[in-house]
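Everything below concerns the one structure shown next.
None of these values were measured; they are calculated from a predicted model.
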Amino acid sequence: MSSLEDPYRDLLEKTRGGSAAALEQLLREIQTPLYNFLLRMLWQPEDAADATQDVLVKICTNLGGFRGESRFLTWAYRIAAHHVFRLRRSRREVQAPDFDGFAAGLARGMLIDSKPAVAGADQALLEQEVKLGCMTGLLLCLDREHRAAYILGEIFEVSGSEAAAILDLPPTAYRKRLSRARERLRGFLQQHCGLTNPAAPCHCKKQANAALQSGLISAKRTLFAGHPQQPATLSPQRLSDGVGEMDELERIAALYRTHPHYRAPERFTGALRALLASGSVSILE
């Protein structure tokens with residue numbers, strides 16, 4: 001191991017000592033951050049779940065190649081980034097509009113009657129679904145390279161040097177990519193989104209009803225608002241309390257950071273155990 005402080009060091013050492021239990025725990029602990037990265041990259045929870053399982057298998061079968069030159073989670077994110085860059089574009093990505101098309105869709109939604117489309121529906125839940133789905137969907141207006149840079153640097157607050165290593169970029173090139181992603185999102189959100197600019201025309205309450213009527217969201221099955229979540233490390237209220245003191249770029253990043261940290265699907269556990277039991281994993285050199 002290098003001198004880097006790594007919270008997974010003990011588990012890695014036990015794993016290298018041949019402990020299958022340590023390996024299973026190691027994979028269980030990193031599956032949620034990887035799932036959250038891939039969910040923001042791919043938007044659709046099912047696509048993110050499939051990609052996470054594939055990435056965990058790659059990590060498991062290539063663990064002998066980890067040299068400790070970075071933190072273990074940095075190395076794992078690098079595998080996840082390489083994996084998602086090689087994936088065929090999902091149907092959601094293919095259908096995703098550019099920033100102009102996204103703005104046009106929001107404008108159409110604001111023209112729809114504000115009366116709730118479903119009697120008795122939990123309006124707050126639907127507004128949360130629209131907020132989470134819309135802001136995550138907006139990331140798809142960025143290409144995968146700029147999207148990954150923004151997710152790592154602004155939402156997950158990975159250091160510049162670590163993010164550059166994850167994306168195989170020189171630090172200067174990473175900073176430029178992150179800056180371009182920030183500016184594109186800022187320009188759009190300041191012009192259109194009432195969450196970042198109260199004077200902007202689009203508001204989640206109105207869009208929730210439009211999304212219901214058009215079938216973009218369902219009152220019975222929410223993709224994001226009803227997704228199992230990890231305990232919050234910083235509440236949305238605590239973040240929003242300080243938003244007024246932040247500049248525009250920080251306000252936008254803070255808004256993304258208020259999104260839940262989703263819990264990885266439980267089905268990963270059985271798949272990991274089956275892989276370990278198969279004897280196909282070699283963790284020793």
Side-chain angles (χ1 to χ4, degrees), residues 1-12 15 23-45 47-87 90 93 136 139-140 142-182 230 233 253 256-257 259-265 268 271-272 275 283:
M1 290 290 295
S2 75
S3 60
L4 288 171
E5 288 294 326
D6 195 324
Y8 300 106
R9 180 179 58 188
D10 290 344
L11 282 175
L12 284 164
T15 297
L23 175 57
E24 181 179 337
Q25 184 179 347
L26 181 67
L27 295 175
R28 283 177 62 90
E29 289 193 12
I30 65 170
Q31 69 183 16
T32 286
L34 293 177
Y35 174 69
N36 278 269
F37 170 70
L38 291 164
L39 179 59
R40 287 159 176 81
M41 286 295 296
L42 299 172
W43 189 85
Q44 171 61 249
D47 291 342
D50 290 342
T52 303
Q53 188 159 298
D54 291 342
V55 168
L56 288 171
V57 170
K58 288 183 178 181
I59 290 170
C60 196
T61 56
N62 290 281
L63 197 55
F66 177 63
R67 300 285 184 256
E69 296 169 353
S70 68
R71 292 176 178 84
F72 180 68
L73 188 57
T74 301
W75 181 77
Y77 276 138
R78 186 171 182 271
I79 292 175
H82 280 239
H83 179 79
V84 78
F85 289 158
R86 293 188 179 100
L87 284 179
S90 67
E93 285 183 285
T136 305
L139 295 174
L140 297 186
L142 299 168
D143 61 36
R144 283 178 173 175
E145 288 76 15
H146 286 85
R147 196 184 317 155
Y150 189 83
I151 292 167
L152 291 169
E154 289 293 270
I155 301 176
F156 290 3
E157 299 182 276
V158 174
S159 71
S161 60
E162 287 181 304
I166 290 166
L167 300 177
D168 283 333
L169 290 173
T172 301
Y174 168 74
R175 288 193 296 270
K176 289 180 179 178
R177 184 175 292 181
L178 177 60
S179 178
R180 287 193 296 266
R182 284 170 171 163
Q230 292 285 94
T233 55
Y256 271 107
R257 291 173 202 147
H259 288 203
H261 201 57
Y262 300 107
R263 193 163 64 243
F268 292 159
L272 291 175
L275 177 64
I283 59 177

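Summarising the geometry, atom OH belonging to Tyr77 is positioned 7.5 Å from atom CD1 belonging to Ile166; distances are rounded to the nearest 0.5 Å. The distance from the CG atom of Asp143 to the CZ atom of Arg180 is 9.0 Å, given to the nearest 0.5 Å. The distance from the CD atom of Glu157 to the CG atom of Leu152 is 12.0 Å, given to the nearest 0.5 Å. Atoms CG and CD, from Leu87 and Glu93 in turn, are 8.5 Å apart once rounded to the nearest 0.5 Å. Atom CZ of Arg257 and atom CD of Glu154 lie 5.5 Å apart (nearest 0.5 Å). We find the CG-CD1 distance between Leu56 and Ile79 to be 10.0 Å, quoted to the nearest 0.5 Å.
Listed for the Arg71 side chain is a donor-acceptor partner under 3.5 Å among the backbone atoms of Glu5. Side-chain atoms of Arg40 come within 3.5 Å of backbone atoms of Asn36 as a donor-acceptor pair (strictly under, hydrogens ignored).
Judged by distance alone, the side chains of Arg175 and Thr172 do bring a donor and an acceptor atom under 3.5 Å apart.
The two residues Ala149 and Leu178 have their closest heavy-atom pair at O-CD1, 3.5 Å. Of all heavy-atom pairs spanning Ile59 and Ala76, the tightest one is CD1-CB, 3.7 Å. Of all the heavy atoms in Ala80 and Leu38, the pair that sits closest is O-CD2, 4.1 Å. In plain terms, the two heavy atoms of Tyr150 and Ala181 that are nearest each other are CB-CB, 4.0 Å. Scanning both residues, Ala164 and Pro171, for their nearest heavy atoms gives CB-CA, 4.0 Å. The minimum heavy-atom distance linking Tyr35 with Ala48 is given by the pair CE1-CB, 3.7 Å.
Within the 4.5 Å cutoff, the side chain of Ser161 has no heavy atoms near those of the Tyr174 side chain. Between His82 and Asp168 there is a side-chain heavy-atom pair separated by less than 4.5 Å. At least one side-chain heavy atom of Leu63 sits less than 4.5 Å from a side-chain heavy atom of Trp75. Here the side chains of Glu145 and Leu167 are not in contact, with every heavy-atom distance at 4.5 Å or above. At least one side-chain heavy atom of Met41 sits under 4.5 Å from a side-chain heavy atom of Phe85.
Checked against the 6.0 Å centroid threshold, His259 and Tyr256 count as a close aromatic pair.
Taking the six-membered ring where the residue is Trp, Phe156 and His261 present perpendicular rings, their angle passing 60° and hence far from 30°.
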Using ring-ring contact (aromatic ring centres under 6.0 Å, His included), reason through Phe66 and Phe72 one step at a time and then give a plain yes or no. CA-CA 8 Å; Phe66 177 63; Phe72 180 68; 5.3 Å; yes
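Applying side chain to side chain contact (heavy atoms under 4.5 Å, CB included) to Phe37 and the options Thr32, Ile151, Thr52, Leu42 leaves one that passes, Ile151.
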